[in-house]
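What follows is a short report on a single structure.
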Amino acid sequence: MEESKEILGLCIGETEGAHVWMQIFDELHSRGVEDNIFLSSDGVAGMEQEAKSIFPDIIYQNCIVHLISYSIKYIPSTHYKAYTKDLKQV
């Protein structure tokens, strides 16, 4: 809200899923993080529910870059070049 950002942690793991994120959110909360205002994700199943169980007022959004990359696979090859050209203007 005050236009500042902080790195709260760095996690490296072999898997990713809602259970792993629940552990991360729980750890952040136990370290004193009281509110996480915004979360952008690549759409990991269950992540939004896990985040909201720890931070009820969180605003969750699917990452626009991931949404775009997922949508491109449905574009027929004959339209791909025109689609990506138009997309660059966005």
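The model shown is predicted, which means the values in this text are computed figures rather than measured ones.
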Besides V20, the hydrophobic cluster formed by Ile, Leu, Val, Met, Phe, Trp and Tyr side chains linked at under 4.5 Å, directly or via other members, contains L8, W21, M22, I24, F25, L28, V33, L39, V44, M47, I54, F55, I58, Y60
d(S41 OG, H66 NE2) to nearest 0.5 Å is 8.0 Å
query = Is there side-chain contact between I75 and T84, with at least one heavy-atom pair below 4.5 Å?
reply = no
Using a 4.5 Å cut-off on heavy atoms from C-beta on, say whether the side chain of E50 contacts that of D26. no
Would you say Y74 ends up clustered with I68 if hydrophobic residues are merged whenever their side chains have heavy atoms under 4.5 Å apart, either directly or through other cluster members? no
The reported gap from OG in S71 to CG in L87 (rounded to nearest 0.5 angstrom) is 7.0 Å
Requested in this report: Look at the side chain of Y83 and the backbone N and O of S77, then say whether any donor-acceptor pair between them is shorter than 3.5 Å.
Outcome: no
Heavy-atom nearest pair, A45 first then A18, reads O-CB, 3.4 Å
For E27, the side-chain hydrogen bond (donor to acceptor under 3.5 Å, both in side chains) test, sequence neighbours excluded, returns R31
Working note: Y70 + D42, criterion side-chain contact (heavy atoms from CB on, under 4.5 Å); need CA distance, chi angles, decisive distance, verdict.
CA-CA 10 Å; Y70 296 151; D42 63 351; 4.1 Å; yes
Minimal heavy-atom distance between C63 and S40, with the atoms involved, is CA-OG, 3.4 Å
